[in-house]
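Order of the sequence lines fixes the chain letters, A, B, ..., with proteins taken first and strands second; residue numbering starts at 1 for each chain. Computation of the quantities below employed the complete heavy-atom set of this structure, encompassing side-chain atoms and omitting hydrogens, waters and symmetry-equivalent molecules.
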Amino acid sequence: MKPGLCCISLTLKEQGYSFQTMTYKRFSSLPREEALEILGDRILNNLVVTNKTIEFCHENNWVYRVSSDLFPLITYDEANVSLEDLPNHDEIQDEFDNIEQTIKNTNVRVSAHPSEYNSLASLSDKVVEKTITELNFYSSFFDRIGLPADYRSPMNFHIHNNNGTREEITQRFYSNFKKLDENCQKRIVIENDDKLNCWSVKELVDIFHPITNIPITFDYLHHKCHPNGLTECEAINMCYDTWQTKPLFHYSESREGNNPRAHADYAYNPIENYGLEFDCDFEIKAKCHAIKKYQELYPLFGYCLPPTMAAN
DNA sequence: ACCAGTCAAGGAAGC
DNA sequence: GCTTCCTTGACTGGT
């Protein structure tokens, strides 16, 4: 089992590697030529930071979840920008090549978690259309940097819609899912929710999965908030069985205070894997510092038996 | 140099 | 049918 870093390495940030963004408000307030130059510089910066962070994960033997905001405005309709429009398009292509090479050299498992505003089951055609554009774009980015079109590089998100019965929502989701690019479909996985009226592991595995055959991501904290009658052991096993390859699950702990869904700065409790083999993203505020601290607390965490010993 | 406010998204909840 | 809240990190603009 490998721990996973989510998007940002605070260690690299302290060294000056941080992500940049650009709002539409700002973009549209500038002359287009100037706006495109700034946007291109920021996207290139984000790719350099991503490459650096993948190397950082390799040094630590972690998996990596890319930021969901690497390409501000690129799928934003009103801005009407594509990568080809950016004056530094060639440099961006070179950086794609660099990332591809880094992944080839290091074999770091790379995943994505598109934002909660993506909703494939939405009743709004416009929202669905935007979601498809966004998911397809990220999948094409994954293609471009040489990632496999399967669940080794999963793109995880939530159903994030409650309009209708569970079956109706699933059908709506699935008919829109079928409109995604083929490679994108092959990477999509769905995670259990933490809110009581949203999708629990039980509902995802009993209702959603049989119709879609899409793997279910187990999130420890969400399950704790919304167990819907299943123990952690039952739920994680049910999710595990929906994956055709080594799963990528999520771990977090509650921040102190009155909102149990808020994520803590550091993780202190042992992660029970119930004898299952999977990777696990640390959704913990202190990011790489939290993973390192956790690995100091639990030196055997992530320790994998060599194949010869595991076979015995 | 610093800090408070702004931005972007979809959906739920409360008037 | 409005507004507000949720969430996040970086940008923006004023001091």
Base versus backbone protein contacts along nucleotides 10-15 of chain B [heavy-atom cut-off under 4.0 Å; B, S, -]: BSSS--
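A:His223 contributes atom NE2, which lies 5.0 Å from atom CZ of A:Phe218 (distance to the nearest 0.5 angstrom).
Not counting sequence neighbours, A:Tyr117 has no partner by the ring pair (Phe, Tyr, Trp, His ring centres under 6.0 Å) test.
Applying the 6.0 Å contact sphere to CD of A:Glu84 captures more than 12 heavy atoms from other residues, nucleotides or ligands. Residue-environment remark: OH (A:Tyr17) stays at or below the threshold of 12 foreign heavy atoms within 6.0 Å.
In this structure, A:Lys130 does not pair ionically with A:Asp77, as no charged nitrogen and carboxylate oxygen lie closer than 4.0 Å. Here A:Lys224 does not pair with A:Asp219 in a salt bridge; the nearest charged N to carboxylate O distance is not below 4.0 Å. The pair A:Glu296-A:Lys292 does not count as a salt bridge, with every side-chain nitrogen at least 4.0 angstrom from each carboxylate oxygen. A salt bridge links A:Glu182 to A:Lys186: one of the charged nitrogens lies within less than 4.0 Å of a carboxylate oxygen.
Counting 5' to 3', DNA chain C first comes under 4.0 angstrom of a heavy atom of chain A and last does so at the ends given by C:dT7 to C:dT12.
Listed by residue number, the members of residues 32-58 of chain A with any heavy atom below 4.0 angstrom from DNA chain B form an empty set. Within residues 62-77 of chain A, the residues approaching DNA chain B are A:Tyr76, by heavy-atom distance under 4.0 Å.
Proximity of A:Arg109 to A:Arg65: side-chain heavy atoms (C-beta onward) are nowhere separated by under 4.5 Å. For the pair A:Trp243/A:Thr217, a side-chain contact is recorded, criterion being any heavy-atom separation below 4.5 Å from C-beta on. A 4.5 Å side-chain heavy-atom check between A:Asn46 and A:Asp69 finds every atom pair outside the cut-off. Side-chain contact between A:Asn156 and A:Asp281: absent, with no pair of heavy atoms (C-beta onward) separated by less than 4.5 Å.
Defining each end axis of the helix from B:dA1-C:dT15 to B:dC15-C:dG1 as the rotation carrying four pairs' C1' atoms onto the next four, with five pairs an end, the two axes are found to diverge by 60° to 10 degrees.
Residues A:Arg261 and A:Thr21 each lie close to DNA chain C; by heavy-atom proximity, the contact nearer the 5' end of the strand is made by A:Arg261.
Applying the side-chain hydrogen bond (donor to acceptor under 3.5 Å, both in side chains) test between A:Asp279 and each of A:Arg152, A:Lys2, A:Lys246 identifies A:Lys246 as the sole match.
Listed here is the closest heavy atom pair of A:Tyr64 and A:Leu5: CD1-O, 3.5 Å.
Side chain to side chain, A:Gln101 and A:Asn98 fail the donor-acceptor criterion of an N or O pair below 3.5 Å.
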